Every structure is written in C-alpha cells, then in structure tokens.
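Worksheet: one structure, shown below.
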Amino acid sequence: MSVALISCRHYLDGSCRSCELMGTPQSQRLAVAEKRLSEILQITPLPTFEGPKWNFRDKIKLIVSGSVERPTLGLLLPDLGTGIELLDCPVQAKELNDELPALIKFITKWNLTPYHVPSRKGELKGLILSWSPTTGEKMLRFVLRSKEALDRVRLGLPELTNFTVVSVNIQPVAHAILEGPDEIILTAKKHITHHTSGPALFFSPQSFMQTNSVVASALYSTAVQWLKPWWDKKALDLYCGVGGFALHLASIGVQVKGVERNPFATSIASLAALHNNLSVEFLARDAAGVDGLWQSWGPEVVVVNPPRRGLGEALDLIERHLPEVLLYSSCSPESFESDMRRLATHYDATRSQIFDMFPFTNHFETLALLVRRSGHHRG
C-alpha cells in the first residue's frame with residue numbers, strides 16, 4: 001500500500017502501531033485471514049464481509065496522561081509515563097473525536113489530575129467513549145483511581161450534555177485492565193440505544209459493545225439467515241452479552257434463552273427485550289453452569305460468542321449434550337482453532353465467513369456453522 005493511501009499521520013510518523021497492518025494491502029491481509037480459517041475448518045469460507053475502513057470505531061478507550069494543565073488523550077509509550085495524543089485517529093468515529101477537545105478542557109477546569117503509572121499518583125486513568133450511529137446517543141465513562149474527584153465530575157455534569165449517559169468507573173489498583181468493578185452512573189439515563197436491521201439493542205456502561213456497529217449488524221443478520229432451517233428449534237445463546245444474537249433470533253420467532261455471567265449485560269438485555277416486545281429469558285450465570293437448564297429445556301441450537309480465551313469449561317457442557325447445531329462466533333483464531341480440535345470429533349463445518357471487525361490488524365471475527373455429524377448423539 002502506498003503512503004498516499006495511508007490516511008493516518010500517527011502511523012506515518014511511527015508514533016502509533018495499533019493498526020499494525022495499515023501498510024499491508026487489504027486484499028493481501030484478507031487472503032491471509034481466509035487461508036487461516038480454511039485451514040482450521042477444512043472448508044472454503046465465504047467472501048469476507050468488509051465494512052468501513054475509516055472512522056469505524058464506535059467505542060474507544062483512551063489513556064489519560066500528561067498534566068492537569070496539558071492532559072494527553074491516547075496511548076502510553078512502553079515507558080508508561082509518556083503519552084501519544086490521538087485526537088484525530090482516523091479509525092475512531094469522527095463523532096467521538098469531535099468530543100475530545102472539549103473533554104481536555106473539562107479535565108483541566110475540574111482539576112482531574114492524570115494518573116502517572118510509574119509514580120502511581122494522580123486520579124484520572126482513562127476515558128471510554130461510545131456512540132450509536134443510528135440514534136446519535138453517546139456514552140462517556142471517566143475511569144478514576146478513587147472517588148476523590150467524583151464530586152468534581154458531578155459538578156461538571158451540566159457541561160456534558162452531548163452525552164446521554166455519563167458514569168465514573170473506579171479502578172483503584174495498578175492493573176493492565178483499564179476498568180474496575182465499581183461503576184457510578186451520574187445521569188438519569190442508564191443506557192444508550194442502538195438500532196439494527198432487526199431489534200434495538202441497549203448498551204450500558206458495564207456491558208460489552210462491539211466496536212464496529214456496521215460489521216456487528218451484518219454478523220447478527222447473517223447468523224439468523226444461516227440458522228433458517230432450524231428456526232422452529234429452541235436456541236440457547238451462551239456468552240450472550242447484551243443479547244445481540246438472542247434478540248435477533250427472537251425477532252423472527254425463535255424460542256431462545258440467553259446466558260451471560262455479567263449481570264449488568266443480562267439486565268440491560270432484558271430491558272431491550274421488553275422494549276422490542278420480545279419474549280426472551282436472560283440468565284446471569286456462567287456458561288458452563290447451565291446443565292440443569294439444558295436438561296429441562298432441551299435446546300437443539302446453541303450460539304456461542306465466547307471471550308478471547310475461547311469456550312473453556314463450556315466446551316465440556318457442549319460435548320456432554322451435543323446440540324444438533326452449533327453457531328460459533330469467535331474473535332480469536334487461536335482459541336477457535338483449539339476449540340475446533342475437539343468439536344471436529346462430533347461436528348462438520350458447513351459454512352464459515354470472516355467479518356472484518358478490526359481493519360488494519362491481524363484480528364478478525366469468524367462465524368462458523370457446525371452441524372452434528374450423523375450417528376453422534378447426546379450422552
């Protein structure tokens with residue numbers, strides 16, 4: 001790819017390499033990904049679904065560094081004390097980038113001292129911004145070390161009217177994970193709404209949101225179409241998050257239940273089900289701990305969208321019950337390949353496709369339809 005086609009000054013000057021394949025031709029990058037998927041499943045995947053390449057990140061996490069007089073929003077260099085400013089990152093949604101200059105002024109005005117990792121001093125660790133391109137609603141989360149600055153953020157709330165939801169997340173420990181367990185929502189509204197080609201989805205501060213809304217919508221609608229021969233079957237959505245797959249299946253009449261260990265996600269998914277007038281039960285429990293539900297309810301279709309580490313103990317559950325159909329959505333080729341080594345004993349992959357959720361990187365979202373092999377039945 002020529003320099004003229006690289007529309008990112010941060011990549012060109014070498015200050016940021018988050019998009020490590022920005023200099024690689026798109027066709028070459030996708031060919032490598034499709035080859036990898038074909039080797040894992042031993043079938044030729046459908047052509048990759050490609051969404052927008054620029055301004056596609058509808059959720060961004062920015063580390064705050066520098067001083068309270070001159071805060072820097074972006075990334076940290078390996079020394080963990082120097083920040084790279086990313087106010088004009090071309091893969092971040094423009095509507096979120098446009099909010100950043102005002103947030104810098106907000107940090108200074110309300111004395112939100114940036115956290116300094118080497119000395120472990122300061123209060124403001126990061127900002128997490130999300131928005132829905134279909135409703136225009138935006139969400140802002142301040143990640144603080146403690147509640148010391150909480151009242152100042154609260155006082156400044158009238159200046160943050162561009163955001164439907166504003167919250168403070170408390171992360172007291174020096175940890176590689178930006179977010180902590182405690183969330184304090186400061187606004188009357190507790191979630192933002194996002195419309196898809198099917199049902200509306202709700203996102204709250206502590207629930208998972210796909211960063212690429214266009215590609216996520218295509219992923220959900222494709223899943224529904226691939227499962228059309230089994231629409232009359234009961235479906236179980238494991239690792240269901242805010243209910244993306246479950247709500248889409250329910251919207252065309254499938255009997256479906258969702259399971260997710262994050263209670264904030266199942267709570268907001270249940271609200272979305274009511275909003276869409278859909279009958280879906282969402283259960284806040286670990287995916288590996290639904291043996292009783294499986295035995296009493298008897299789902300024949302299972303959708304899994306596990307975290308990067310893969311299915312884990314839920315793989316034992318699947319092998320124990322062997323549903324007729326398994327629809328696997330994966331964000332990690334490594335864990336997907338590991339899980340498939342075991343699933344291939346019982347299942348044949350009949351369809352697969354890559355969804356280019358993360359352009360310019362080695363990461364990609366995979367969707368695979370697995371059908372139980374003849375003669376293999378539940379134990």
Side-chain angles (χ1 to χ4, degrees), residues 55-75 83 85-89 91-115 122-172 178-195 200-211 213 242 264-265 267-268 271:
N55 303 117
F56 63 86
R57 292 192 69 94
D58 297 327
K59 178 178 180 179
I60 61 176
K61 296 183 179 184
L62 300 170
I63 301 298
V64 181
S65 58
S67 64
V68 71
E69 295 81 14
R70 297 191 65 180
T72 298
L73 310 183
L75 302 174
E85 193 168 65
L86 296 178
L87 302 186
D88 59 345
C89 170
V91 302
Q92 295 174 173
K94 182 180 183 300
E95 291 76 5
L96 295 181
N97 283 346
D98 288 346
E99 300 289 352
L100 301 182
L103 289 176
I104 289 176
K105 294 178 181 178
F106 184 93
I107 291 168
T108 300
K109 177 178 178 179
W110 294 102
N111 194 31
L112 307 180
T113 309
Y115 183 72
E123 285 297 319
L124 181 58
K125 292 187 170 184
L127 299 175
I128 303 174
L129 294 84
S130 312
W131 92 299
S132 165
T134 61
T135 65
E137 293 184 340
K138 297 175 183 176
M139 182 161 56
L140 170 64
R141 303 169 67 197
F142 293 88
V143 182
L144 302 177
R145 183 181 65 158
S146 72
K147 295 182 180 180
E148 186 274 333
L150 175 60
D151 286 343
R152 297 197 295 281
V153 176
R154 202 187 301 272
L155 285 171
L157 198 59
E159 300 172 18
L160 301 173
T161 54
N162 284 355
F163 296 93
T164 305
V165 180
V166 178
S167 70
V168 167
N169 179 273
I170 306 298
Q171 172 57 296
L178 178 61
E179 302 167 55
D182 297 326
E183 195 87 19
I184 303 164
I185 301 179
L186 304 180
T187 48
K189 192 76 180 290
K190 309 301 181 185
H191 66 267
I192 61 174
T193 302
H194 174 68
H195 294 303
L201 302 180
F202 290 173
F203 300 110
S204 60
Q206 286 185 296
S207 63
F208 175 74
M209 173 183 172
Q210 295 280 12
T211 61
S213 300
V242 298
F264 302 103
S267 175
I268 207 69
L271 286 177

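Since the structure is predicted, the reported quantities are computational estimates derived from the model, not experimental observations. Counting begins at 1 with the first residue of the sequence.
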Taking the side chain as every heavy atom from C-beta outward, state whether [X] and [Y] have any pair of such atoms under 4.5 Å apart.
X      : Y      : value
Lys190 : Pro205 : no
Phe142 : Leu150 : no
Leu73  : Ile104 : yes
Phe106 : Leu127 : no
Ile128 : Lys59  : yes
Leu100 : Leu129 : yes
Leu124 : Leu144 : yes

Do other residues, nucleotides or ligands put more than 12 heavy atoms under 6.0 Å from the NZ atom of Lys105? no
Check the surroundings of atom CZ in Arg70: do more than 12 heavy atoms from other residues, nucleotides or ligands lie under 6.0 Å from it? no
Any chance you could measure [X], atom [atom1], to [Y], atom [atom2], to the nearest 0.5 Å?
X      : Y      : atom1 : atom2 : result
Thr211 : Phe208 : OG1   : CZ    : 7.0 Å
Ile184 : Ser167 : CD1   : OG    : 9.0 Å
Thr134 : His195 : OG1   : NE2   : 5.5 Å
Lys189 : Thr164 : NZ    : OG1   : 6.0 Å
Trp131 : Met209 : CH2   : CE    : 9.5 Å
Ile185 : Arg141 : CD1   : CZ    : 9.0 Å

Heavy-atom nearest pair, Gly122 first then Arg145, reads O-NE, 3.1 Å
Looking only at heavy atoms, which two atoms of Leu112 and Val68 are closest? And how far apart? N-CG2, 3.8 Å
Is there a donor-acceptor contact under 3.5 Å from the side chain of Asp58 to the main chain of Ser132? no
Give the C-alpha distance, both sets of side-chain angles, the deciding distance and a yes or no for side chain to side chain donor-acceptor pair (under 3.5 Å) between Glu69 and Thr108. CA-CA 6 Å; Glu69 295 81 14; Thr108 300; over 6 Å; no
What pairs with Phe203 under ring pair (Phe, Tyr, Trp, His ring centres under 6.0 Å), at least two apart in sequence or on another chain? none
With side chain to side chain donor-acceptor pair (under 3.5 Å) as the test, pick out the partner of Glu179 among Lys61, Gln206, Lys125. Lys61
